[in-house]
Every structure is written in structure tokens, then in C-alpha cells.
Amino acid sequence: MYDLLDEAAARARRYLEGLGQRPVAPAGAALAGLRALDEPLPEQPSDPAQTLALLDAAVSPATMAMAGPRFFGFVIGGALPVTLAANWLAAAWDQNAALYEVTPGVSHLEEVALRWLLELLELPPGSGAGFVTGATVANFTALAAARHAVLARAGWNVEAHGLFGAPPIAVIAGEEAHPTLLKSLGMLGLGRARLLRAAVDGQGRMRADALPTFEPPAIVCLQAGNVNTGAFDPFAALIAAAHARGAWVHVDGAFGLWARASATLRALTAGMEQADSWATDAHKWLNVPYDSGIAFCRDAHALRAAMAITAEYLPTESQHRNPCDFTPELSRRARGVEVWAALRSLGRAGLAELIERNCRQARRLAAGLRAAGFEILNEVVLNQVLVAFGDAERTRRVIASLQEDGTCWCGATVWQGRTAMRISICSWATTAADIERSLAAMLRAAA
Ligand SMILES: *Cc1c(COP(=O)(O)O)cnc(C)c1O
């Protein structure tokens, strides 16, 4: 019965080993092959091995090679083999990681992973945290704690009474805040459009002198790692100013928070540890499988107040940390397993090396493109490169031709009015040879 698992492992291995040789984007024939899935709903059972075979035959070729070494389209990374293997084992356990008493193994493991993360990222020990699906939900979770805390200080219990009649909260974010941060604010009833936007500089950093005037209750949202430029807000000055005015400070560090794991890059995040909450993605630079984000909160009680539930049938009173007290979900998979596996096998040095290598690769690509006469639009401080191959139309033509070529995959963006190709390097699998091969393909596409 379980032979199917060996079969899946063999197919997965063939898929991964083939990724370096195939075009990064799926070929037209592969997309046409998806029609094999358009069957009527089966009325009768069939051999499960055949279902697995169809899945592999129809869908594997139609995937984008995001797990491979030359997908540079989004800031997302691949999955380290140890994290994929840990994910499989954890899927076999099928633990509902909500309550410590019921699932002690994975709950304990998540506590270890959290302790390691706080130490590695130099965030306040004792912070509360939740393993969630991604940075969107990590922002949502941390901002729910912020909403709780700033309204509690104003004498209002938002969990009990909602926002109707509550003192209005001033929310401040930079012009370059990620769109999912705005979505999170909308989901919290804080509005996507009513916030005060602060001006940014040419790299997308919130200007230290641009914090608008506001009164508490207030939440200031800062950013570590702009999705286009990789730039960081000037935390020390902004956090001090925001705290002086009584605000809660939240940092969206979906990929940029990981810069703290490197001694050479940590300076970019200086002062960030003074904030009140932080969101990051493990499925980005930690290179674990989807979906995996983490919300951290200095005041663990605020996070718990925003997220905890109680019910007669659930053993929620525990001397242990119940994971569901810190996340929007009750039932959830144990996302901390892959985080633990990545940290345990890479160690501090291995993760720093991975992150520094990707940044070096970004600088190498930028230098090669610049040497060929193309304009780099950003300061390459991290793993992001924005390149213009001429005017908007020409840049878009080059991107289309590069995607067609299939050696690597990059997309388009518009940065402060200029159309550019956006290159994000954050995979463990990317080698120096992949960078040279990709650079050559870019130059071919631009010729
Ligand atoms: C990727 C990203 C997000 C959204 O993360 P998801 O994991 O896709 O939800 C939010 N903010 C920033 C800065 C990002 O780079």
C-alpha cells in the first residue's frame, strides 16, 4: 500500500535532477498536456498509482522551475533537500499542530525552532511568535497584535467589541510598502487607503524626516528589503521617532529580515531590533517549501490576546505553549519542522554563507550587465538587481526574449517610472556557473 511513497520519491528525484537541463518556464507542449487533466469527475475508484502517474506526466512538465537554480522572477528561493525530506516525514505524521498536549513532538520542535530564530535574527528573547503561511499572514498576525495593544492602551478591547466606536488608529506606511501589507491592514479593518503614506527616497527607503505627525493610538509600518531594490528603511531614526510619539512599530521583513543572519549584511538592519513586531518568510531566503511565514511580537501577551481561542472541548489550558494561541489558524500543519531542519543542517555559518553568496551573485550579474552598457537602476545592497535595456518597449522585448530562451526566468517591473527587468537571487541551488550562464543568456537576449 505504501509502495506509492517510494514511487513518489523516485518521481520527485527525477524531477529535481532534471531541473537544471530543462527550460525554466514550461514549454508550450507542456501546457497543452494539461488538457489530460480535464476529465469528468470519476464515478468509481481507480488505482492510486495511476493517479500519481497522471499527476507527474501532466503537471511536472507544466511547472515553472522555481525549485531550480535559475529562477530569478520573485524573491522566493527553492527548497533545501533536507527541508523537502523533513516536509515529507512531517506530512506522514499528519499532525494537527494546534495544541501541545495533543501533538507534543511537533509543538516542542517548533519551540526549539523559535528559540533559534530569535537568537539568529537577534530579536528580543521571550518574543511571542507564530508559524503561519507567509509574510502576508505574518503581517496580518503581527498587526492584529499591534491593533490589540494600541487600543488596549486607549482603554478599548478590540477582540470583544470590534472597531465600531473604537478610537481611530493612525496607521503610517511608506509609499513603497508591499501591497500585501496594505491588504493585511484592510483585513484588520484598518483600511487599505486611509493610512498616512510617508515619502521614500530613490531606493524606496522611507525618509527619516518624512514621518507624518500623528497622535496615539498609532501603528508605524517599516520595511526590511524592498521587493524591487532590496533597500532597507533607516530603522534606528524612524523607530526612535515613532516610539517617541507613542506608536507601535511593525517591520515587514519578508526576505530582508534574513540579512540579520549575516555578519557582513547585518548593518543594513541596524536598529530594527527596537521595533515591536516583525514578519518574515521562511519560504523565501531560508529555502523551505511553501507555505511558511513567521510573525514575531516583542509583547507575547499582545499576540496571544489577539489570537488565542478557548473552547470547552479543546485542552487549551496548558503549562506548555499552544501553537494555536499565536496564529490565526486552529488546525495547521507543523510548519516549524522545515524551519528547524534548515537551521539545524545549515547552522549559523551555512545560512550566512547562502545569503552572502546570493548577494555576491547579484553584484556579479549587475557588474556584467553594466559592463555590457546596460543601466542598473538600484544600488545592489542585497540580492536584487534592476536593469533597463533601453526604453520601456526595448526592455520588455528583451525580457520576452529571455523568457523564451528558457535559460533563466526574470520578470518586468516599473521602478519609479522606469520599466526594468527585475532579478532576485535567493536560492541555495544557484551556483557561480548558473550566474555566468544566465548573464550570457541576458546579453544574447539584449543583442
Ligand atoms: C513576498 C513579500 C510579501 C508577501 O509574502 P507572501 O509570503 O507572498 O505572503 C510581503 N512583503 C514583502 C516585502 C515581500 O517581499
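Each ligand, and each atom within it, is numbered from 1 in the order the structure gives. Heavy-atom basis, side chains included; hydrogens, waters and symmetry copies ignored.
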Novice: With sequence neighbours left out, what residues match R207 under side-chain contact (heavy atoms from CB on, under 4.5 Å)?
Specialist: A199, D201, D209, A210
Novice: Can you give me every donor-acceptor pair (side chain of residues 76-85, partner residue at least two apart or in another chain, under 3.5 Å) with its distance?
Specialist:
unit_1, atom_1, unit_2, atom_2, d
T83, OG1, L80, N, 3.3
T83, OG1, L80, O, 2.6
T83, OG1, N287, O, 3.4

Novice: Taking non-hydrogen atoms within less than 4.0 Å of ligand 1, which protein residues qualify?
Specialist: G134, A135, T136, H178, T180, Q223, G225, V227, D252, A254, F255, D281, H283, K284
Novice: State which residue, out of L439, I425, V385, L369, fulfils the side chain to side chain contact (heavy atoms under 4.5 Å, CB included) condition with R364.
Specialist: L439
Novice: Answer whether the closest heavy-atom distance between the side chains of P323 and S107 falls below 4.5 Å.
Specialist: yes
Novice: Could you work out, with ring-ring contact (aromatic ring centres under 6.0 Å, His included) as the rule, every residue matching F214, not counting sequence neighbours?
Specialist: none
Novice: Please check if any side-chain donor atom of H250 sits under 3.5 Å from a side-chain acceptor atom of N139, or the reverse.
Specialist: yes
